[in-house]
Amino acid sequence: MAQIFPKWTNKLPPVVAAAVVFTLLMVIGLFWWFGSPKYTDVGYQPVQPIPYSHKLHAGDLGMDCRYCHTGAEKSPVAMVPPTQTCMNCHVLVLPESEKLLPVRESWSTGTPIPWVKVHKVPDYAYFDHSAHLRAGVGCASCHGRIDEMEVVYQAETLSMGWCLECHRDPDMSLRPMDQVTNMSWTPPADQREFAVKIKSERNINPPTNCSGCHR
Ligand code: HEC
Ligand code: HEC
Ligand code: HEC
Ligand code: HEC
Ligand code: HEC
């Protein structure tokens, strides 16, 4: 009987096996790398120059987010408040506090407090707070329970897949406008019907095409 396969093909199985193993390792490696908190930045919690607590101010004292983050509803950036906002209260509240010394120094010298940025999307992706708040998306959908954080950390991946997941189906994240800063809001049973109504009323249509976010 004539030989159908040339002799060198006897070596093929080990080569194929090696290739399969190599590919598998690559795939596992990629998943591990892209899925790891280091890559996605979930849990990123830099040390801040002052032990300012959202749990105390936004949680226990119940201050509205927009008292300090004045840009959130009006502009692309939510903005971190200037020292003056702190001194509105801290001229009178705990004026001798050791922990507030850097705040008083910043106030008297006019040097801004060097807060460390926590959330960041790359410059090639466009993000706008006001567009989301006008649609009724709440802070907690993207930042988690800030009112329970002593020190702010990143709660969501902020990856492209994460943005798109909501853009494809935003229904469960659309709230009545007066609930956007409510940290404990949860969608009611008739949320889907509410979303259908509100999407046509507010003309809500999140972009899923590339140029919507990469302008
Ligand atoms: C009294 C003023 C004040 C109030 C009220 C306040 N914040 Fe902040 N917020 C700050 C300051 C100052 C920082 C910067 C220091 C830090 O990260 O803790 C900050 C940081 C943040 C950050 C991280 C910013 C970054 O660098 O990525 C988020 C998100 C945030 N606040 C959300 C909220 C939300 C949501 C609320 C309402 C539940 C709120 N804040 C209420 C003062 C305030
Ligand atoms: C609406 C008033 C108000 C504003 C505005 C405010 N705080 Fe406070 N802050 C308080 C109160 C009330 C306390 C708690 C006082 C107490 O424990 O008796 C406090 C406590 C603190 C403490 C703890 C001090 C200590 O010695 O225990 C720090 C630090 C602090 N605030 C930082 C800030 C910073 C930074 C800002 C500006 C981003 C700010 N606060 C804005 C009312 C305010
Ligand atoms: C749809 C998601 C989303 C919602 C809703 C949202 N944020 Fe953000 N926030 C982000 C992203 C993404 C960034 C990083 C933006 C960047 O790097 O340009 C950010 C950054 C911030 C920062 C850092 C300063 C800045 O503006 O870049 C603060 C403060 C902040 N958000 C507060 C808030 C507050 C307060 C609310 C609610 C009133 C809110 N955010 C609602 C996604 C969101
Ligand atoms: C929880 C839901 C949710 C998440 C998460 C979210 N978005 Fe959106 N986004 C919306 C909704 C709803 C709209 C629609 C606004 C409208 O049509 O009025 C929108 C609109 C937009 C727009 C169009 C705004 C304009 O001015 O044209 C851009 C750009 C955008 N989102 C970027 C992003 C990026 C980038 C991320 C991730 C970092 C992100 N979004 C995460 C819900 C979300
Ligand atoms: C809803 C907003 C949104 C849309 C729509 C979107 N992107 Fe992105 N894209 C992002 C964000 C945010 C990032 C940054 C993610 C990060 O930092 O991990 C990104 C990152 C990327 C990157 C860099 C990836 C990397 O690993 O660094 C590429 C390439 C890209 N997008 C291509 C596209 C293409 C092609 C489309 C259309 C099919 C698209 N994007 C649609 C928000 C979007």
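Counting convention: from 1, in listed order, for ligands and their atoms alike. Keep in mind the model is a prediction, meaning the values are calculated, not measured.
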With the criterion set at N/O pairs under 3.5 Å, what does the list of contacts between the protein and ligand 1 look like, atom names and distances included?
from: ligand 1; atom 1: 7 (N); to: His54; atom 2: NE2; distance (Å): 2.9
from: ligand 1; atom 1: 7 (N); to: His69; atom 2: NE2; distance (Å): 2.8
from: ligand 1; atom 1: 9 (N); to: His54; atom 2: NE2; distance (Å): 2.8
from: ligand 1; atom 1: 9 (N); to: His69; atom 2: NE2; distance (Å): 2.9
from: ligand 1; atom 1: 17 (O); to: Gln48; atom 2: NE2; distance (Å): 3.4
from: ligand 1; atom 1: 26 (O); to: Val118; atom 2: N; distance (Å): 2.8
from: ligand 1; atom 1: 27 (O); to: Val118; atom 2: N; distance (Å): 3.3
from: ligand 1; atom 1: 27 (O); to: His119; atom 2: N; distance (Å): 2.7
from: ligand 1; atom 1: 27 (O); to: His119; atom 2: ND1; distance (Å): 2.7
from: ligand 1; atom 1: 31 (N); to: His54; atom 2: NE2; distance (Å): 3.0
from: ligand 1; atom 1: 31 (N); to: His69; atom 2: NE2; distance (Å): 2.9
from: ligand 1; atom 1: 40 (N); to: His54; atom 2: NE2; distance (Å): 3.0
from: ligand 1; atom 1: 40 (N); to: His69; atom 2: NE2; distance (Å): 2.8

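Within 6.0 Å of CD in Glu201 there are more than 12 heavy atoms belonging to other residues, nucleotides or ligands. When the shell of 6.0 Å around NZ of Lys55 is examined, it contains 12 or fewer heavy atoms from other residues, nucleotides or ligands.
If you number the atoms of ligand 2 from 1 as listed, the ones under 4.0 Å from a heavy atom of Ser97 come out as 24 (C), 25 (C), 26 (O). Near Val137, meaning under 4.0 Å from any of its heavy atoms, are these atoms of ligand 3: 5 (C). Shown in contact with His132 at under 4.0 Å from a heavy atom are these atoms of ligand 3, numbered in order with element: 1 (C).
Remark: the backbone N or O of Val116 is paired with a side-chain donor or acceptor of Gln48 at under 3.5 angstrom. Under a 3.5 Å cut-off, the side chain of Gln45 and the backbone N or O of Val151 do form a donor-acceptor pair.
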Donor-acceptor contacts, no H, no angles, side chain residues 77-91, under 3.5 Å, sequence neighbours left out:
from: Thr83; atom 1: OG1; to: Ser106; atom 2: OG; distance (Å): 2.7
from: Gln84; atom 1: OE1; to: Trp107; atom 2: NE1; distance (Å): 3.1
from: Gln84; atom 1: NE2; to: Asn88; atom 2: OD1; distance (Å): 3.1
from: Thr85; atom 1: OG1; to: Pro82; atom 2: O; distance (Å): 3.4
from: Asn88; atom 1: ND2; to: Tyr67; atom 2: OH; distance (Å): 3.1
from: His90; atom 1: ND1; to: Val93; atom 2: O; distance (Å): 3.0

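With sequence neighbours excluded, no residue satisfies side chain to side chain donor-acceptor pair (under 3.5 Å) with Ser141. Evaluation of the side chain to side chain donor-acceptor pair (under 3.5 Å) rule for Thr109 yields Thr111 as partners, not counting sequence neighbours.
Its N, O or S atom nearest to atom 8 (Fe) of ligand 3 is what matters here, and for His129 that atom is NE2.
Residue Asp64 holds its CG atom at 4.0 Å from CZ of Arg66, rounded to the nearest 0.5 Å.
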